[in-house]
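We count ligands from 1, going down the list as the structure has it; atoms in each ligand are counted the same way. Only this structure's heavy atoms are used, side chains among them; waters, hydrogens and symmetry mates stay out.
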Amino acid sequence: MKTMVTANQKGGVGKTSTVVHVAFDFLERGLRVAVIDLDTQANASFTLQGHQSGYLASQMFDLDVDRLRQWFTGRVDGPAIHLIASDARLADMEKRGVSEASASFKANVAALADCGFDVVLVDTAPSLGVGMAAALFAADYVLSPIELEAYSMQGIKRMVTTIANVRKVNTKLKFLGMMPSKVDARNPRHLRHLDELHKAYPQLMIPASVGLRSSIADALASGVPVWKIKKTAARKAAKEVRDVADYVFTKMEIA
Ligand SMILES: Nc1ncnc2c1ncn2[C@@H]1O[C@H](COP(=O)(O)OP(=O)(O)O)[C@@H](O)[C@H]1O
Ligand SMILES: [Mg+2]
């Protein structure tokens, strides 16, 4: 089993859209996918509400790993998305110590492997909090969707440093890189920022990006991937999102 987390302390950059679309793509590849929504805004839980597992994200921080095993044993028997939904109790977790919360989260993620999952995708909240730290300490891969606006650009250095620091402790963590999202190819500011990033982080920019496309927001609102949206304008978005999923799938070496 492989685990990937999307992380960026900035909100609105495409973390949830990426997790949800990768989950739908992996489902179509025949995988058994768990999605853990660690954001109290519960956006991934909204889009994936038709895929409830009945297990809650805050329970991933409990010490009782046997309860998770009992819950999922016998329920993970074919290609499916199992949503471990965001719940109100998640907010309490931010008050706990990072090392204690991380240890519990890691043990519960490891137990998901015993229950038959092929892949775990973790969506995080836009903050450098306990939840993001726990997810990074447990993960094999991290992907950072980014936006090409000034406020987002400001935080990128800090995000890269945070990931580099976690990698000193979680040595198996691989940084898949930064994925430009909501890119407006007609906006000179976006193109300038993209150019700056390629110069500053040549190794960290993934060879795929997603444009600013309203069909993606339509899809997230309707609980379906963008390739199920029947509009001509959705085709380009679908191709871009599929390319991102392809890249992630290949890099994660799941097959
Ligand atoms: N490529 C895109 N083009 C247009 N809108 C998008 C795109 N990706 C996401 N959105 C919209 O932008 C908002 C933020 O995206 P989201 O994936 O929720 O970001 P995050 O999880 O980083 O906060 C959402 O309302 C979503 O519908
Ligand atoms: Mg989100």
Note the single closest protein heavy atom to atom 3 (N) of ligand 1, along with its residue, its atom name and the distance in Å.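 The protein heavy atom lying closest is R213 N, 2.8 Å.
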At what distance is the nearest protein heavy atom to atom 18 (O) of ligand 1, and which residue and atom is it?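 It is T16 CB, 3.8 Å.
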Nearest to [atom] by heavy atom, [options]: which?
atom                    : options               : answer
atom 8 (N) of ligand 1  : V226, I216, L220      : I216
atom 10 (N) of ligand 1 : K15, K182, E240       : K182
atom 2 (C) of ligand 1  : S152, G211, P126      : G211
atom 27 (O) of ligand 1 : S17, S144, S209, A217 : A217

In terms of side-chain geometry, is the basic nitrogen of [X] or [Y] positioned less than 4.0 Å from the acidic oxygen of its partner?
X    : Y    : answer
R242 : E28  : yes
R69  : D114 : yes
R29  : D246 : yes

If you measure every N/O of [X] against every N/O of ligand 1, is any gap under 3.5 Å?
X    : answer
G12  : yes
S214 : no
S181 : no
D123 : no
G11  : no

Is the Mg ion (ligand 2) less than 2.8 Å from an N/O/S atom of N43, whether that atom is in the backbone or a side chain?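 Checking N43: none of its N, O or S atoms is under 2.8 Å.
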Rounded distance [0.5 Å steps], CG in D118 versus NZ in K2: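 Atom-to-atom, D118:CG and K2:NZ are 11.0 Å apart.
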Can you measure from CD (Q9) to OG (S144) and round to the nearest 0.5 angstrom?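 One finds 8.5 Å between CD of Q9 and OG of S144.
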Hey, which of H198, K199, R192 is the one that makes side chain to side chain donor-acceptor pair (under 3.5 Å) with D195?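 By the side chain to side chain donor-acceptor pair (under 3.5 Å) criterion, D195 pairs with just one of H198, K199, R192: K199.
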Could you tell me which atoms of ligand 1, counted from 1 in the order shown, lie closer than 4.0 angstrom to a heavy atom of V210?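 Counting atoms of ligand 1 from 1, those under 4.0 Å from V210 are 1 (N).
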Scan side-chain atoms only and decide if T6 and D123 contain a donor-acceptor pair under the 3.5 Å cut-off.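 Side-chain D/A pair, T6 to D123: present.
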Under 3.5 Å, is there a donor-acceptor pair linking the side chains of D39 and S86?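 On atom types as modelled, these side chains do not qualify, holding no pair under 3.5 Å.
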Does ligand 1 have any atom sitting under 4.0 Å from a heavy atom of A237?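 Contact absent.
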Looking at ligand 1, does G14 have a heavy atom less than 4.0 Å from it?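 Yes, G14 has a heavy atom closer than 4.0 Å to ligand 1.
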Check for me whether the distance between the ring centres of F175 and Y141 falls short of 6.0 Å.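 They do not qualify: ring centres at least 6.0 Å apart.
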Does the protein put a heavy atom under 4.0 Å from atom 25 (O) of ligand 1?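 Given the 4.0 Å cut-off, atom 25 (O) of ligand 1 does not count as touching protein heavy atoms.
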May I ask you to decide if the ring planes of F24 and W227 are parallel, tilted or perpendicular, using 30° and 60° as cut-offs?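 It falls in the perpendicular class, over 60°.
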